[in-house]
Chemist: 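A single structure is presented below for examination.
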Amino acid sequence: MTFDIPFIKPRLPPAAQLVEDYDAIIASNWFTNFGPKERAFAAGIGAWVGDRTAVTFTNATIALIGLLRCALGDGDRSREVIVASFTFAAGPAAIEWAGFTPLLIDVEPDGLQPDLEQARALVLSRSSVAGILLTNTFGIGNDAIAGWEALAADAGLPLLIDSAAGFGSRYADGTMVGTRGTAEVFSFHATKPFAIGEGGAVTTGDHELADRLRRFQNFSFAADRGADGLGLNGKLAEIPAAIGLRQLERFETALQRRQDVLERYRAGLPAGWRLPAGIERSSVCFATVLAPDRASRDRARERLTAAGVEARVYYTPAVHRQPQFADAPRSPSLAVTEDIGDRVLSLPVHEEMPAASIRRVVDALAGGAA
Ligand SMILES: *Cc1c(COP(=O)(O)O)cnc(C)c1O
């Protein structure tokens, strides 16, 4: 089904710019394996978040697998990594690919962010916890980030942060998403605010970890010795890196426009509906709204579809409801995750979104509720 107003509409660089880049890549005869475009793009990502080393990847899922292995060591199923059940399946899947077991926790109701107190209870009561994968839901920086860092430091555990949708977001204390914990992971998939098609990056202040990640994504080759660990191929090629470099040039403008769309949605929200706390300091991957109840959400979605607007429901089913993760150990209560799955609705946010399109979304949302 095609929609007048699709869920995503990434703005990619104009062809003329890319022709120039493509010619430069051909002239350099360097297509992948840490070429000049990739090196410049990685430096640009690190500089954007500020004073961090960035290691680019083919996508965020491979980056997560690499980070889990490089930060936690070889996997062992008896060792657990704490992760929220209300997230995209890539995080828990990466935990399993890295050889560990996901240990699922709930989110808190205001920002739909992982629940720090549940994580603390698990860290204190189980000796099997190997690390924490903190998911910044919808790319919103966790309000309690300092508390998560303290918990991890006290327990001697790495704090790995899945900020896939959050390149360009800020934490509540003003620091950039990408600068906290042991390392953070971004996705540059077409659905994300910083879109190149497929791509990702890890940002970290730990240079040794960055070196390990670069070896991991290149078959874990060590100089002259061949593979000295289990690696894979996760490198970002020159053409997507060139697109990323062009996107960086105008990302400030893109962020502003996305936040403007969000504010118009906020102004038009029907009574009883709300936005997750902190979304205004995010890069607004999409605009997730919470309906007062399931019936209102479902009716609104039908009205949106009828009006030619593509809305989606993230993240439902929650991780613990998906067959692959049905046996994953979990916190005694996932009550918030269970509740919000019935009420979330994600609205399209485009960088270039005419006022009339925004109005159409707002009107369809309000519909019978108005
Ligand atoms: C999009 C997303 C991913 C996966 O990113 P890819 O680049 O598509 O592999 C992982 N985690 C979260 C939270 C995401 O939103």
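Ligands are counted one by one from 1 in listed order, and the atoms in each one are counted from 1 as well. Positions are given from 1, in the same order as the sequence printed here.
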Chemist: Tell me which pairs pass side chain to side chain donor-acceptor pair (under 3.5 Å) where either residue lies in residues 191-200, with sequence neighbours left out.
Modeler: H189-T191
Chemist: Q113 pairs by side-chain contact (heavy atoms from CB on, under 4.5 Å) with which of I145, N136, D143?
Modeler: N136
Chemist: Below 4.0 Å from any atom of ligand 1, which residues have a heavy atom? Give them in chain and number order, please.
Modeler: N59, A60, T61, T87, F88, A90, D162, A164, S187, H189, K192, G199, Y315
Chemist: May I ask you to decide whether R126 forms a salt bridge with E80, counting only side-chain N to carboxylate O separations under 4.0 Å?
Modeler: yes
Chemist: What are the two closest heavy atoms between R79 and D74, and how far apart are they?
Modeler: NH1-O, 3.9 Å
Chemist: Spell out, as yes or no, whether a donor-acceptor pair under 3.5 Å connects the side chain of T137 to the backbone of L112.
Modeler: yes
Chemist: Show your reasoning for whether ring-ring contact (aromatic ring centres under 6.0 Å, His included) applies to Y315 and F138.
Modeler: CA-CA 10 Å; Y315 305 101; F138 307 135; 5.4 Å; yes
